Amino acid sequence: MSETTTGASYAAAGVDIEAGDRAVELMKEWVKKTRRPEVLGGLGGFAGLFDASALKRYERPLLASATDGVGTKVDLARKMGVYDTIGHDLVGMVVDDLVVCGAEPLFMTDYICVGKVHPERVAAIVKGIAEGCVLAGCALVGGETAEHPGLLGEDDFDVAGAGTGVVEADRLLGADRIRTGDAVIAMASSGLHSNGYSLVRHVVFDRAGWSLDREVAEFGRTLGEELLEPTKIYSLDCLALARTTEVHAFSHITGGGLAANLARVIPDGLHATVDRSTWTPGAVFDVVGTAGRVERLELEKTLNMGVGMMAVVPAESADAALTTLADRGVDAWIAGEITERADHTTGATLTGDYAG
C-alpha cells in the first residue's frame with residue numbers, strides 16, 4: 001500500500017461527528033425550556049430520566065404511550081428552508097393522541113434523521129419540538145440525531161417522536177362512557193395539520209402546477225406559508241376541559257378524516273351524527289378540493305376539514321364545556337349528537353352541507 005494512500009474514516013464516509021456535537025450544544029437551550037420538576041439530569045446522557053415517584057399521588061396510574069411522525073410535510077419545510085415549526089406538528093401528533101384517553105403528557109423523545117448534519121438546522125428542528133412540548137406541558141427528555149449519508153440527500157430529513165402520559169384509572173376516557181343524547185363538540189383546527197399532504201402535494205404541485213411562493217388570495221399569504229401552518233396542540237385545553245366539566249371521550253382528527261376518527265370512540269349500538277352546517281371549513285380545504293377536482297367524500301376521508309379535536313360530553317355539560325374552551329381561546333361549537341345506532345349505519349356520519 002502506498003504511504004500516501006488515505007485510510008477510510010467515518011468523516012470520509014459522510015458522517016461528521018463534530019457537526020453532531022455542535023448540534024447538541026445548540027439545542028440544549030431549547031430542551032431546557034421544556035424541563036419539568038420530575039426530570040433528572042440533562043441532555044447528553046444515553047437515556048432520559050423521569051422521577052416516577054411523582055406518580056405516587058395516583059391511586060392506580062395508567063401509563064399511556066404514543067408515537068408518530070409528520071409525514072411528507074417535512075418535504076415542504078425542506079423546500080422552504082423553514083425548520084422551526086415542523087416540531088410543533090410532531091408534538092401535536094403525539095400528545096393529542098395521548099390526551100384522547102384523558103392522559104396528561106409527561107415526556108417525549110424525538111428522532112431526527114438527516115442526510116447531513118447542519119447544526120443550525122437540526123437545532124431549529126429541536127427548537128420547534130421544544131416549543132411544542134411547552135405548549136403541551138410535557139418535557140423533552142432526550143432524542144437521537146442520526147446522519148445517513150448515501151441514503152438521504154444532504155438536505156433531506158425526517159422526524160419522529162414518542163411520548164408517555166399518565167391517567168388515573170377511574171378517569172380513563174373512552175367509548176364505555178358515551179351515552180345516548182351526548183353532545184359532540186368540535187374544536188377548530190389551525191389548517192391541514194399534518195395529514196393528507198400526499199394528496200395536497202399531488203393537487204397543488206402535480207395537477208395545478210403551483211409553486212410554494214405563489215400568493216393565494218384565499219389564504220392572504222403564500223401557498224408555502226399556508227401549507228406549513230403548524231398543527232394546533234390541544235392537550236392542555238382537553239385536560240382543562242376534563243377537570244372542569246364531565247367529558248366522556250375525545251377524538252383526535254388525524255389521518256382518515258373526521259368521521260372515521262370519531263367512530264373509533266363510539267361504542268357498539270350507538271352512533272354519532274355530525275352536522276356539516278355547524279361550521280365553515282377553512283379556505284385551504286376548498287382550494288385543494290377545487291384545484292384537484294377532489295370529491296367531497298374523498299376530501300373528508302383524507303383531511304380534517306377544519307376540525308382538529310372532538311369531545312363527547314353529556315348534553316347538560318355542553319354549554320359549560322364551550323365556556324371553558326372559549327376562555328382558553330379555543331374556537332369550539334356543538335357539531336352533533338349521539339343516538340342509538342340504526343341498522344346498517346357506521347359509528348359516525350356527516351350530514352347536511354357546510355355553512356357558507
Side-chain angles (χ1 to χ4, degrees), residues 36 57-58 62 64 66 88 91-106 131-138 163 165-191 193 230-254 258 261-262 264-266 270 272-282 304-338 348 355:
R36 289 175 52 126
R57 70 178 186 272
Y58 292 83
L62 303 180
H88 287 235
V91 175
M93 290 297 99
V94 173
V95 300
D96 287 338
D97 277 355
L98 293 175
V99 81
V100 162
C101 68
E104 174 193 359
L106 298 174
E131 289 174 338
C133 285
V134 170
L135 292 174
C138 68
V166 62
V167 59
E168 188 69 74
D170 64 6
R171 297 185 66 81
L172 184 68
L173 303 180
D176 61 327
R177 291 180 177 261
I178 295 178
R179 300 289 182 265
T180 300
D182 283 354
V184 178
I185 292 177
M187 302 178 214
S189 68
S190 57
H193 284 186
T231 299
K232 182 170 175 58
I233 297 172
Y234 301 92
S235 57
L236 292 183
D237 302 313
C238 290
L239 292 173
L241 187 60
R243 285 194 304 268
T244 58
T245 62
E246 184 179 354
V247 175
H248 288 165
F250 289 113
S251 177
H252 188 196
I253 311 305
T254 58
L258 193 157
N261 280 286
L262 182 57
R264 293 168 66 181
V265 299
I266 305 302
L270 296 184
T273 301
V274 176
D275 185 355
R276 296 184 183 96
S277 70
T278 60
W279 82 98
T280 302
N304 67 57
M305 301 307 293
V307 177
M309 181 71 75
M310 304 196 89
V312 181
V313 306
E316 61 271 20
S317 299
D319 288 343
L322 291 177
T323 297
T324 295
L325 292 170
D327 289 345
R328 297 184 61 84
V330 179
D331 182 14
W333 62 94
I334 297 175
E337 63 177 344
I338 304 297

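What you see is a predicted model, and the numbers here were worked out from it, not measured in a lab.
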Notebook entry, point to check: Can you tell me how far CZ of Arg276 sits from CE of Met305, rounded to the nearest 0.5 angstrom?
Noted result: 8.5 Å
Notebook entry, point to check: Are the side chain of Thr273 and the backbone N or O of Gly336 linked by a donor-acceptor pair below 3.5 Å?
Noted result: no
Just list the side-chain donor-acceptor pairs under 3.5 Å for residues 232-243, sequence neighbours left out, or say none.
from, atom 1, to, atom 2, distance (Å)
Tyr234, OH, Ala188, O, 2.7
Ser235, OG, Ala136, O, 3.4
Asp237, OD1, Arg328, NE, 2.7
Asp237, OD1, Arg328, NH2, 3.3

Margin query: If you count heavy atoms of other groups shown closer than 6.0 angstrom to CZ of Arg264, is the number above 12?
Written below: no
Report yes if the side chains of [X] and [Y] come closer than 4.5 Å at any heavy-atom pair, otherwise no.
X      : Y      : answer
Val91  : Leu135 : no
His248 : Ile338 : no
Val134 : Glu131 : no
Ile178 : Ile266 : yes
Leu325 : Trp333 : no
Ser189 : Ile253 : no
Met187 : Phe250 : yes

Margin query: Going by side-chain hydrogen bond (donor to acceptor under 3.5 Å, both in side chains), name the residues that satisfy it together with Ser251, two or more places apart in sequence or in a different chain.
Written below: none
